[in-house]
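This report refers to the structure that appears directly beneath it.
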Amino acid sequence: IGAVIRELNTNAADAHVAAGKKDKPHVVHLPNHMEPWFEVKDFGTGLDDDAIYSVYTQYGVSNKTNSNEYTGCLGLGSKSPFAYTDSFTVESRVNGKVTHYTAYLNEDGFPSLSDPLTVADTKEENGLTVRFPVKSGDYNAFCEKAIGILKWFKVTPTVTGNAAFHYPEKRTFVRKTDTYGLAKKDTYGYSSGGSYVVMGNVAYPISTNEVVTYYAKGDDAKVRQLLEWGVELYVNIGDVDITASRESLSYDDDEANCKRTVPFIKKGCLEALKDLETELTKDIDTKPTLWAAREALHQIRNTFPGLDI
């Protein structure tokens with residue numbers, strides 16, 4: 001369920017980028033007892049007849065491989081509903097015409113697309129709508145997964161259909177820049193949510209033990225401390241490797257990916273710490289008295305023993 005929600009929504013967001021509407025939210029409908037379907041509707045470019053057959057019937061085919069502005073490019077997202085259902089409907093709106101298709105798995109288990117079911121005039125914006133029915137026992141699961149996935153989108157989708165859906169309170173930060181965010185801890189000394197690489201509209205949890213060993217020393221010890229604290233690293237598409245399922249980061253150290261992911265995370269953490277050191281030093285320098293400055297410095301050193309301040 002989570003994979004279907006993530007893939008269809010990243011496709012919708014990518015469609016808005018392609019159409020020059022990256023600040024416009026797309027629309028998600030969650031299933032309920034009166035309207036038992038899941039739907040994602042975008043206002044992007046839509047797909048003409050040739051393009052839609054190519055995209056929906058061939059694995060590995062994508063129209064987003066020539067730019068790192070797009071989250072998707074593996075050619076799997078459009079077929080993701082098949083992880084939940086054997087068929088779904090696709091509505092494509094292009095230049096005043098709306099065409100409806102049914103995507104389905106054929107007798108050999110391969111994705112197929114029907115001939116156009118209907119073609120009509122429309123005044124709606126270009127774009128795609130993907131819809132499929134949901135089993136009643138899965139309504140809550142769709143809502144819960146959507147909350148966890150959609151909160152990471154730069155432009156959060158408009159969500160309808162389930163009154164229980166809500167975007168959680170935004171995570172608070174000690175410091176946040178274009179490249180990292182250091183989580184603020186609560187009164188009990190805990191930060192919420194762990195550490196992530198945020199790439200495109202998808203957040204990938206960082207496995208601390210894959211990046212540094214438990215008994216790390218030197219810079220690696222600083223990296224481990226930061227990851228255990230809670231940090232978000234904001235990266236460009238392609239900066240790190242992900243698994244084919246897009247469920248997690250790939251930490252494989254084979255020759256193909258040149259061991260990119262771990263070094264990139266370490267580098268990002270150390271750059272974040274350097275920036276933090278600079279900003280905290282500035283903050284100490286602005287204290288009105290020597291006592292206040294020493295008090296602030298003592299608090300910082302207790303929090304981050306590895307900082308060079």
Side-chain angles (χ1 to χ4, degrees), residues 2-3 5-7 9-11 13-14 17 22 64-65 67-74 76-77 80 145-156 167-168 170-185 190-214 216 219-254 256-276 304 306:
I5 293 172
R6 182 187 65 246
E7 296 301 321
N9 278 279
T10 53
N11 275 4
D14 285 347
V17 171
K22 64 181 180 180
K64 298 177 286 186
T65 57
S67 172
N68 67 1
E69 285 192 82
Y70 303 120
T71 303
C73 66
L74 302 178
L76 300 175
S80 64
K145 292 289 186 181
I147 290 171
I149 291 167
L150 300 182
K151 69 178 182 179
W152 293 101
F153 277 60
K154 294 174 184 176
V155 178
T156 51
Y167 283 110
K170 291 186 179 295
R171 197 177 193 184
T172 55
F173 297 93
V174 174
R175 177 164 170 75
K176 187 176 183 182
T177 71
D178 291 338
T179 58
Y180 80 94
L182 180 66
K184 184 179 289 185
K185 293 199 173 185
Y190 295 100
S191 63
S192 59
S195 291
Y196 299 87
V197 167
V198 182
M199 185 166 65
N201 288 303
V202 182
Y204 300 96
I206 298 174
S207 171
T208 302
N209 289 332
E210 292 281 2
V211 178
V212 285
T213 63
Y214 185 79
D219 283 348
D220 278 1
K222 294 181 182 181
V223 169
R224 186 174 187 92
Q225 185 182 26
L226 191 67
L227 293 178
E228 290 176 345
W229 175 286
V231 66
E232 295 174 7
L233 300 178
Y234 310 119
V235 310
N236 295 318
I237 304 295
D239 280 345
V240 295
D241 291 301
I242 57 174
T243 58
S245 67
R246 285 228 297 222
E247 294 292 330
S248 60
L249 295 170
S250 173
Y251 301 97
D252 292 342
D253 58 0
D254 56 43
N257 67 32
C258 304
K259 303 182 181 181
R260 286 198 309 162
T261 301
V262 169
F264 192 92
I265 291 173
K266 287 183 178 181
K267 180 173 179 286
C269 286
L270 291 174
E271 288 176 352
L273 285 170
K274 191 66 178 176
D275 175 77
L276 191 60
F304 283 105

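Nothing fancy with the numbering, it's 1 onward along the sequence. These figures come from a predicted structure and were not determined experimentally.
To the nearest 0.5 Å, atom CD of residue Gln225 and atom CG of residue Leu227 are 10.5 Å apart. Here the CG-CD1 distance, from Leu270 to Ile265, works out to 12.0 Å after rounding to the nearest 0.5 Å. For the atom pair NZ (Lys184) and CZ (Arg171), the distance works out to 12.5 Å, reported to the nearest 0.5 Å. Here the straight-line distance linking atom CG of Asn9 with atom CG of Asn201 works out to 9.0 Å at 0.5 Å rounding. A distance of 5.5 Å separates CZ in Phe153 from OG1 in Thr10, rounded to the nearest 0.5 Å. Between the CD atom in Glu247 and the CD1 atom in Ile242 there is a gap of 10.0 Å [rounded to 0.5 Å].
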(message) Evaluate Leu226 against Leu182 for side-chain contact (heavy atoms from CB on, under 4.5 Å), listing each step before the verdict.
(response) CA-CA 8 Å; Leu226 191 67; Leu182 180 66; 3.5 Å; yes
(request) Quick one: do Asp220 and Thr213 satisfy side-chain contact (heavy atoms from CB on, under 4.5 Å)? Show the steps, please. (result) CA-CA 8 Å; Asp220 278 1; Thr213 63; over 6 Å; no
(message) Please determine whether side-chain contact (heavy atoms from CB on, under 4.5 Å) holds for the pair Lys154 and Lys22, giving the CA-CA distance in whole Å, both sets of side-chain angles, and the decisive distance to 0.1 Å.
(response) CA-CA 9 Å; Lys154 294 174 184 176; Lys22 64 181 180 180; over 6 Å; no
(request) Step by step, work out the side-chain contact (heavy atoms from CB on, under 4.5 Å) result for Leu233 and Tyr180. (result) CA-CA 4 Å; Leu233 300 178; Tyr180 80 94; 4.1 Å; yes
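Contact annotation: the side chain of Thr179 never approaches that of Glu271 to less than 4.5 Å [non-hydrogen atoms, C-beta and beyond]. With a 4.5 Å cut-off on side-chain heavy atoms, Val211 and Tyr251 count as touching. In this structure the side chain of Met199 reaches within 4.5 angstrom of the side chain of Ile237, judged on heavy atoms. Under the 4.5 Å side-chain criterion, counting only non-hydrogen atoms from C-beta, Lys266 is not in contact with Asp219.
A side-chain contact (heavy atoms from CB on, under 4.5 Å) with Leu249 holds for exactly one of Thr243, Val262, Asp241, Ile206; it is Ile206.
Between Ser80 and Gly77, the closest heavy-atom pair is OG-O, 2.7 Å. Heavy-atom minimum distance, Ala216 versus Ala221: O-CB, 3.4 Å. The two atoms that bring Ala203 and Tyr196 nearest to each other are CB-CD2, 4.0 Å, heavy atoms only. Minimum interatomic distance between Tyr234 and Asp178 (heavy atoms only, all atoms of both residues): CB-O, 3.5 Å.
A distance-only check finds no donor-acceptor pair linking the side chain of Arg175 to the backbone of Ala272 [under 3.5 Å].
For Phe173, the ring pair (Phe, Tyr, Trp, His ring centres under 6.0 Å) criterion is met by no residue, not counting sequence neighbours.
For the pair Lys176 and Glu232, the salt-bridge criterion is not met [side-chain N within less than 4.0 Å of a carboxylate O].
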